[in-house]
Structures are given as structure tokens and as C-alpha cells.
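Encoded as C-alpha cells, the structure appears first; notes follow it.
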Amino acid sequence: MPRIRVLPDDIANRIAAGEVVERPASIVKELIENSLDAGATKIAVDILEGGRRLIRVTDNGEGMVAEDAATCLLRHATSKLYNPDDLFSIKTLGFRGEALPSIASVSRLTLETQAETGIGTAIEVAGGQIEARREGAFPQGTQITVEDLFYNVPARRKFLRSESYELSQVTSYCTHYALAFPEIQFILKSGNFEVLSTPAVPDFRERIHQVFGSDLLDELVEHQKEFGRSGLKIKVFTSRPHIQKYNRHSMFFFVNRRLVRDKIIMHAVSEAYRNMLPSGTYPVVILFVTVPFEDVDVNVHPAKTEVRFKHQSYMHDSIRDAIVAGLTSDKTIVAMQSAAGSMSPYGLPAPPTRVPDSWAGDDPILNAPFSLQAPPIVLEGQPRPLELSYGRAEEAADRQTEPTYADFDRVKHEVRPLGQLRDSFIVATDLTGLILIDQHVAHERVLFENYLRQKLAGMLEVQRLLMPIVVELPPRQLVILENIIPELTQNGFEVEPFGPKTIAVKTAPAILKAGAVERLLRELLDGLERETQVMNIDALKRKIAATVSCHAAIKINTPLDETKMRWLVGELMKTDVPTVCPHGRPIILRYDLREIERAFKRA
Ligand code: ADP
Ligand code: MG
């Protein structure tokens, strides 16, 4: 019995209109959703060349009878909506009846499908035109192969990014759906490289373990709450506050197991972690919200990742409270309220949150602006009348150029360290004023330039680690790592696969302490994951050098004796750019004697 029908206009017109086929990842998402709606228990995704050449999704779901196999390619043909009222209580992931025709119109698509009984059907479509159709016997389920994406729309083909970027986007969706459906087996392969493989497991916990490994799972607090009559249920896995991610890719939100990006949820998470995480860092959150279907409108956006809750503030507060309850029930957590709490793990005040708005809408899932605020650091005991005229650190970082307040030539000579402020900032003088130097970023700059010089000369010092360091990585980061292995090798990191989601690091640059290697790699990959542009090799080299230098540099809150201070200041002055650290933050603040005199009313 055929089940698919073309929606009458009155329903079709009420469906959020728009294109869903932006890039390989959006196709994979639609195809996986179809397989899930078809009741599959096994979904395999195969990708070639980041999906540009081939995307294939194979499932063992209910399949389609011959008649449906043809109908499903028509616009607004769906088996998931019958009455206008169904739109207000959508229980399936799909409902628009637009994915297959849209995909078929911009690629060469082959559909092979076999229902439980009857003969199977294969249909080939090119640019929306049916080219061939035959009957056959196939394994039960559906396989859709999408080749030569955008072959007939060159303008859109141009917008595809590098293979690794597209693959990482695909991986992101597969990871999401794998997390939300532990009872289903997912396999994602790029060529022969198995990016993700998750046999069915009984619960979310085990699925998280499969996807991310035990290191991360051990850091997650699990909490579950049911909200009586409203029918709202929240289940959440959240990280303890010492887990700090430098991008938002570790936040996974699901509403009725549909992956969503939602500002209200984002905000609730941010509120829950307020004062616990430094600004610019993010927790790991895997959140499952279950609400009655009629309390959430999913017909908001063609990609179906935005939702509208009927009771928005109730939802917000419930999510926030569930996370807080989870975190506070965990005895290992100490709230970090002091200024020290706003230090990032490597001993620096966290860089300003610069949510790369340019990639809003570009990231497949998360694009709502988001920041976790921590109290700003204040330099204590600043003499009030001295109006410090330097720009704010954020602005300086944003400018990325040499800040104007550090008028540099005048500082280059005869800098005399006087002591340290809070074991973090070197106080010094030169002929014309007072100078403050951030010891961490100063050292970072010194190391950075030495490092690049050594590397250029092919003289980078490398150490073999006593024990290989084994690091577990999420699938997306494995993909990124694959791509940067040659550059890592050149930087003295010998990295090898060590099991399906782990790598082993055998050597590292000599300036690093072994204990810093894992953190460094994670931070580097977090950073690369956040990059939107395909990184050119030069930028990548600098990024690696900057990250290595940062992890090797003297921390703040470290007492330095006079010899060390002199050495550091001397080395800093020899660098090419002593004023700005490799991440764009200021190194030196300078108070001109004239300014000081004016402040003392002596001018
Ligand atoms: P929608 O999912 O919104 O209904 P699609 O264009 O994605 O629209 O799919 C159209 C129809 O084709 C679906 O309603 C479903 O009946 C059928 N279909 C698509 N993919 C599959 C699949 N993998 N297995 C079984 N049926 C499928
Ligand atoms: Mg669909």
C-alpha cells in the first residue's frame, strides 16, 4: 500500500519554505532523518571527497513500495503529514516532503529501496530528471547515493569549502544523531577512514562513551528531572567546571531527539555556568529535552533545527535549574567565584569572547551568540587619579595590530625591572615612564619568535616522551587531526592513531613539559574546529607555534627573581614585536612620565 502523497496546497503553503541543500552536511542530515523516521536500526554514511563526489546513506528501515519510490521524489510528497492539524504536533523528524526532490535536483541521485514485501525499486535521477528505473531485489531498507553534488549549479559548487571542512560538518551531524539515538548503529566512513562507528547500546551514557571515550564521560555529571504535569522531562550530561572548551562544538541539544540550536537553551546553559567558567570558554553539555509534541513548534525554519517553545521562560528556567541541580549535587565541584576563577587553565585571564559572528549560520548546529561571563579582572590598588589611557585589552585583541598605547621605540632601551605585581606583572621603568609587562605573554612572545626561527632553520629541538601520551578525541577533531598530521610532524609532534578514537603522541617540541602536551593538542584542535575559513598552511604554522609557546611560557602567579626578570625583559626587547603576544593581546602597558606628572598636578 503506497503511503506517500503530495500535500495539498493549503498544507504545503504553511510549511516553512526554503532551501535545505546547502552543503554535504545538510544532505547527510536530511537523509539520516529519513532513515530514522523509517525505523532503521542501522545507518551507514559513506563520504568521498568531503561529500562533493559522493554521499551515500544506507539504512535497514521499512523501505518504500514501488509506487512510493517514485512519489517520494516529488515536491511536497510525504508520508508524515496528513491533516493540517498534524503540523501542530509533529512526531517525525521530517515533514516537509522537500528534501529528496531538492537533493535530486542538484546532483545525480540513485535511490534503491526495498520494502518488507514485494519487489524492490531502483531509480536514477540527474538534475531532477528521472533517467532510469528498474526493479530488483535489494536488502530491506533504503540506500540513497548522491554523486557530483551541484554539478549542474556551478555557482553553488564554488561555495563548498575544503574536503576536511565539509567532512567535519558531516561528522558533526552524524555525531549528534549518534548521541541522540543510542539504540541505533551508526557508521560514518570517509573513503576507508572510519570516522565514527557505534554499535547499538542500551542508553545515552554508553553512547557518550562510544563517541567520546571514558576520559570525557568521567568528567560529566548526569542529571535527570521530570516536571510533573507539564510533561517536560530533562536529561542532561554536563561537564564539571574545570573542563573548559574553547568553542561551542561540545554542546549538543535535542528536543524530542531532534537536534536543535536554540538561543533559549544556550542562554539557560550560560546562566547555569555563570561564575563557574571563564568567559570565552564553554562546557560540554549533552542535553535531551522531552516535551509534549504540541508544546513545541518545529515548523520554524526549513532546516528544522530551530524550534519555538510554547512556554519559553518555563523551558529556560527548567533547563538552567536542571543543570545547576546536577552540578551542585556533584560533590567534586567547587564554585570558582574569586578572580582566580576567571583565569583560563594555562594561567591567563581568558581572552575576550569573540564569537565569530561571521560563522553564524555557517556552523551546522550552533550559531546563537553566546558568552559565559565571569567577573572581570581588576588590577587592585590602582591610584585613582592616574587616568590610564590605554585601550581595553579586548579592543587591542580585535585590532590585531600593534596597539597605539605602546609607543615602542622609546621603551626599547634601559628597561629596569623593579619588581612584580601579584607575581604576574613585571613593574619596570625606563627613561620616560613606568612600564608594566605581563610576564606570561612576554615569555610567550619570546618563545614564539625563537620557535619560528628554529623551525625555519630546521633546528627545532624535539624530545621523545618517556611514555607516549594517549589522547581521546571526539570524531570531528579526529578528522581535523588527520589533516594536520604532516604539519604536526614538522613541529616535532609524532602522532599516531591508537585505537578508533585515540591517538598516541610520541614526541613533542623540547620546550614543552610532557604534562602540557595533551592540553596543548586539545586547545589547538578546539581552536581549529572553531576556524571557519579553510586555514592556509602559514596560518596553521603560526597557530601551532603560538599554542606551543603559550603552553611553554612562564605562567602568571609565578614569583620571579631579579635575574629572571632582567633576562625576560632583555629577551622581550630583542623580539620583533615586543608589544603584542601571538594571540593579539598587549604585552606592555606604559605610563608616560608626563602623564604621571600631570596626574600629580606637577605639569
Ligand atoms: P519528508 O521526510 O519531509 O517526508 P523527504 O523528501 O525527506 O520528505 O522524503 C519524502 C518521503 O520519502 C518520506 O515522507 C518517506 O515516506 C519517504 N522516504 C524518504 N527516505 C526514506 C527512507 N530512508 N526510508 C523509507 N522511506 C523514505
Ligand atoms: Mg525527510
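All ligand and atom numbering here is 1-based and tracks the order in the structure.
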Problem - Pair Ser107, Tyr151: side-chain N/O donor-acceptor within cut-off below 3.5 Å - result: no
Completion exercise
If you scan protein heavy atoms around atom 20 (N) of ligand 1, the nearest is Asn34 CB, 3.2 Å
Handout entry: Subset of ligand 1 atoms that lie under 4.0 Å from at least one heavy atom of Ala99
Key = 6 (O), 7 (O)
Exercise for the section: Give the atoms of ligand 1, by number and element, whose distance to some non-hydrogen atom of Pro101 is under 4.0 Å. Expected result: 6 (O)
Exercise for the section: Looking only at protein heavy atoms, identify the closest one to atom 4 (O) of ligand 1 and say how far it is in Å. Expected result: Thr78 OG1, 2.5 Å
Fill in the blank from the handout: Checking heavy atoms under 4.0 Å, the part of Glu98 that sits near ligand 1 is backbone
Exercise for the section: Return yes when Arg96 approaches ligand 1 closer than 4.0 angstrom through a heavy atom, no otherwise. Expected result: yes
Practice task
Just do the ring pair (Phe, Tyr, Trp, His ring centres under 6.0 Å) check on Phe212 and Phe252 with the steps written out, would you?
Solution key: CA-CA 13 Å; Phe212 296 120; Phe252 302 86; 5.7 Å; yes
Practice task
Just jot down the ligand 1 atoms closer than 4.0 angstrom to any heavy atom of Phe95, in number order.
Solution key: 1 (P), 3 (O)
Exercise for the section: For ligand 1, note which part of Thr142 has a heavy atom under 4.0 Å away: side chain, backbone, both or neither. Expected result: side chain
Practice task
Could you tell me whether Ile4 and ligand 1 have an N or O pair separated by under 3.5 Å?
Solution key: no
Completion exercise
Rounding to 0.5 Å, atoms CD1 (Ile27) and OH (Tyr173) come to a distance of 11.5 Å
Exercise for the section: Would you kindly say whether Thr58 and Gln143 are connected by a side-chain donor-acceptor distance under 3.5 Å? Expected result: yes
Handout entry: Which residue and heavy atom of the protein sit nearest atom 12 (O) of ligand 1, plus the separation
Key = Cys72 CB, 3.2 Å
Exercise for the section: List the steps, then state whether side-chain hydrogen bond (donor to acceptor under 3.5 Å, both in side chains) holds for Thr110 with Thr145. Expected result: CA-CA 5 Å; Thr110 308; Thr145 310; 5.3 Å; no
Completion exercise
ligand 1 to Gly94, heavy atom cutoff 4.0 Å, flagged ligand atoms 2 (O), 3 (O)
Handout entry: Aromatic centroids of Phe204 and Phe288 separated by under 6.0 Å
Key = yes
Problem - Contact check, side chains of Val289 and Asn256, non-hydrogen atoms, under 4.5 Å - result: no
Handout entry: Side chain, backbone, both or neither: the part of Leu100 lying under 4.0 Å from ligand 1 by heavy atom
Key = both
Handout entry: Nearest-neighbour protein heavy atom for atom 27 (C) of ligand 1, which is reported as residue plus atom name and distance
Key = Met64 CE, 3.5 Å
Fill in the blank from the handout: Note: Thr113, heavy atoms under 4.0 Å from ligand 1, region reported as neither
Handout entry: Counterpart residues, side chain to side chain contact (heavy atoms under 4.5 Å, CB included), relative to Glu116 (two or more places apart)
Key = Gln140
Problem - The one among Ala115, Gly97, Ser102, Ala40 that brings a heavy atom closest to atom 1 (P) of ligand 1 - result: Gly97
Handout entry: Option among Thr171, Val146, Val170 that satisfies the side-chain contact (heavy atoms from CB on, under 4.5 Å) test with Val28
Key = Val170
Exercise for the section: Determine yes or no for a side-chain-to-main-chain donor-acceptor pair under 3.5 angstrom, with Arg207 supplying the side chain and Thr198 the backbone. Expected result: yes
Practice task
Looking only at protein heavy atoms, identify the closest one to atom 10 (C) of ligand 1 and say how far it is in Å.
Solution key: Ala77 O, 3.4 Å
Problem - 2.8 Å cut-off met by an N, O or S atom of Asn34 to the Mg ion (ligand 2) - result: yes
Practice task
Return the option from Lys80, Gln143, Glu62 holding the heavy atom at the smallest distance from atom 2 (O) of ligand 1.
Solution key: Lys80
Handout entry: Lys NZ or Arg CZ of Arg257 over Phe181 ring: under 6.0 Å, within 45°
Key = yes
Completion exercise
Residue, atom and distance of the protein heavy atom nearest atom 23 (N) of ligand 1 read Asp59 OD2, 2.8 Å
Handout entry: Sidechain-backbone polar pair: Asp297 side chain, Asn299 backbone, donor-acceptor under 3.5 Å
Key = yes
Exercise for the section: Could you pull out, from Ala38, Ser79, Ser35, the option with a heavy atom nearest to atom 25 (C) of ligand 1? Expected result: Ala38
